[in-house]
Amino acid sequence: MKKLLNYINGNFQEAISGKWLDNFDPATGQVYARVPASDQQDVEVAVQAASAAFPAWADTPIGERSRILMRVADLIEERLEELALAECIDNGKPLWLAKEVDIPRAAANFRYFANAVTQYYSETYDMGSRGFNYTLRRPIGVAGLISPWNLPLYLFSWKVAPAVAAGNTCVAKPSEVTPMTAFLLSQICKDAGVPDGVINIVHGLGGDVGASIVAHPKVAMISFTGSTLTGRKITEVAGPMFKKLSLEMGGKNPNLVFADCDFEKAVKGSVRAAFTNQGQICLCGSRILVERSIYDRFVEEFVRQVKELTVGDPLEEGTRVGAIVSKDQFEKDLLYMDIARQEGGTILTGGKAAAAPNERCKNGWFLEPTVITGLAPHCRVNQEEIFGPVVTIWPFDTEAEAISAANSTTYGLSATLWTENLRRAHRVAAELHSGIVWVNSWLVRDLRTPFGGVKQSGIGREGGFEALHFFTEPKNVYIHLGD
Ligand code: NAD
């Protein structure tokens, strides 16, 4: 049985308590590794190490910090096959997806911020004969970084890379559900020559490790990605301590299809937006709204393509929908299928557990991709985040009605719209209450843009210089030249 270890001050170590958590392979339903069940004691040691490492790292020339982070990116790419396999086993996602998207994007995170920090600048304002002023943007100290299970290394690295590129040190906690790639990243950090104490990775439960990081007085800022419920708990602790907070939380994203769309692309794109990674991407389009004049045709073709998605062993090339990450999430998805029935919805396809794809996966957690119709925008299934392969679909008559329904949840992470009408695209994009709008596309990423949600989907932005702003503290210095 594999045993993962914490990475604290450059050392690989068990939890001080000696306790372990089970780590499951969702495709087989079996325990395949043990993870340190760390607690407040381990966090204390990690925070002390990070605090001690901070002054030297903050003072390390930017070029040198950049070179080390580039090396991390190189090593992620060199170990792509191993990392992708680890993520596939840990998370249940298809291996090809981990290889093509998750791991390359994790490497890109390190590469981008290693570059960006060398281009990061601060402002000077000339006040003429009276003087001038400038803004120093200095690293802050120890960053607490907490990430979820759905895109394990991709989201974890999107926090670690900007935090340390900006000159902070960190105590980072991956999800206890998918800890394997973060463990491999700790080995990579060691091999890349990241100085001891700069990146500390502590494994364990959210209520133990996560809560201890959030409450620690020496942790000056918290960057969190996960559910809105947990984000609220973190805010309750960190808010009164006046910590800097970046929260990336849940979504219930609308996918708007107008009659003037490119039909083939809209159907294909909507299927992809709905079911990639088993619907377990915060950005998945889980509410599909279709203009009535093409509604029947769209539903027919959409359902036909969904039925063709192969639910299979994540290790197999042809698999389009892999295993659901955990038994809890599997049961939650089934529960929402039941709620949909109780609310009067009609299940057009799916609605139950999928047959095991092979003998190896006979105890795994697999679901049929599910499409539900006949539910009003305000019902629970259309309001609450499910985070699985379950989508709803319904018709609209006017643009205003579509926008109003799209904006009717407490979430505001992303939205997708399908239209060939340029004016409509700009008009609707501006009206949607969400942090990201994709027009005729989905999941396109440009690391220079400010990524994040509005309303209960988040506060804070992860991309580009916005991330470096978060991980630095501005100080204005006024130089008086007059008498
Ligand atoms: P979660 O909130 O259960 O857990 C996220 C992380 O927080 C985990 O590491 C967990 O251990 C930790 N945690 C739990 N309780 C804590 C506490 N009291 N204090 C500190 N940390 C604690 O979320 P999840 O189930 O792992 O992930 C799914 C959620 O993440 C979904 O809601 C999804 O929309 C969201 N998500 C959002 C984005 C985004 O960019 N907005 C991206 C991916 C996932």
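We count residues from 1, following the sequence as given. Order of appearance sets the numbers: ligands from 1, and atoms from 1 within every ligand. Just so it is clear, the model here is predicted, and its values are computed rather than measured.
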Pairs of nitrogen or oxygen atoms closer than 3.5 Å, one from [X] and one from ligand 1: do any exist?
X    : value
K173 : yes
S457 : no
M249 : yes
N150 : no
G206 : yes

| request: For residues S246 and F224, determine if any side-chain heavy atom of one lies less than 4.5 Å from a side-chain heavy atom of the other. | output: no
Check for a donor-acceptor pair, side chain of [X] on one end and backbone N or O of [Y] on the other, with a separation under 3.5 Å.
X    : Y    : answer
S38  : H203 : yes
T472 : R137 : no
N382 : R287 : no
K244 : E473 : no
E385 : C282 : no
K3   : R34  : no
K243 : V214 : yes
E176 : L21  : no
W442 : L283 : yes

| said: Would G453 count as a contact residue for ligand 1, given that I'm defining contact as a non-hydrogen atom of the residue lying under 4.0 Å from a ligand atom? | reply: no
| message | Taking only non-hydrogen atoms of G458, do any sit less than 4.0 angstrom from ligand 1? | response | no
Closest protein heavy atom (residue, atom, distance) for [atom]:
atom                    : result
atom 24 (P) of ligand 1 : W149 NE1, 3.4 Å
atom 39 (C) of ligand 1 : C282 SG, 3.4 Å
atom 34 (O) of ligand 1 : E385 OE2, 2.5 Å
atom 27 (O) of ligand 1 : P148 CB, 3.2 Å
atom 23 (O) of ligand 1 : S227 N, 3.4 Å
atom 16 (C) of ligand 1 : T230 CG2, 3.3 Å
atom 28 (C) of ligand 1 : F387 CE2, 3.6 Å
atom 35 (C) of ligand 1 : G226 O, 3.2 Å

May I ask you to identify, for [X], whether its side chain, its backbone, both or neither come under 4.0 Å of ligand 1 on a heavy-atom basis?
X    : answer
L413 : side chain
T228 : neither
E176 : side chain
T225 : both

Just which atoms of ligand 1 are under 4.0 Å from any heavy atom in [X]?
X    : result
F451 : 40 (O)
I146 : 6 (C), 7 (O), 9 (O), 12 (C), 20 (C), 21 (N)
G210 : 19 (N), 20 (C), 21 (N)
F224 : 2 (O), 5 (C), 6 (C), 7 (O)
L155 : 42 (C), 43 (C)

| Flag if over 12 foreign heavy atoms under 6.0 Å of CZ, R448 | no
| message | Ring-plane angle category for H469 and Y120, please: parallel below 30°, perpendicular beyond 60°, tilted otherwise. | response | tilted
| query | So is R272 actually on top of W438's ring, under 6.0 Å and inside 45° of the axis? | reply | no
| When you check the side-chain N and O atoms of D338 and Q342, is any donor under 3.5 Å from an acceptor? | no
| said: Assess, by modelled atom type and distance only, whether the side chains of Q40 and H216 contain a donor and an acceptor separated by less than 3.5 Å. | reply: no
| Can you tell which of S212, S147, A211, S175 gets a heavy atom nearest to atom 6 (C) of ligand 1? | S147
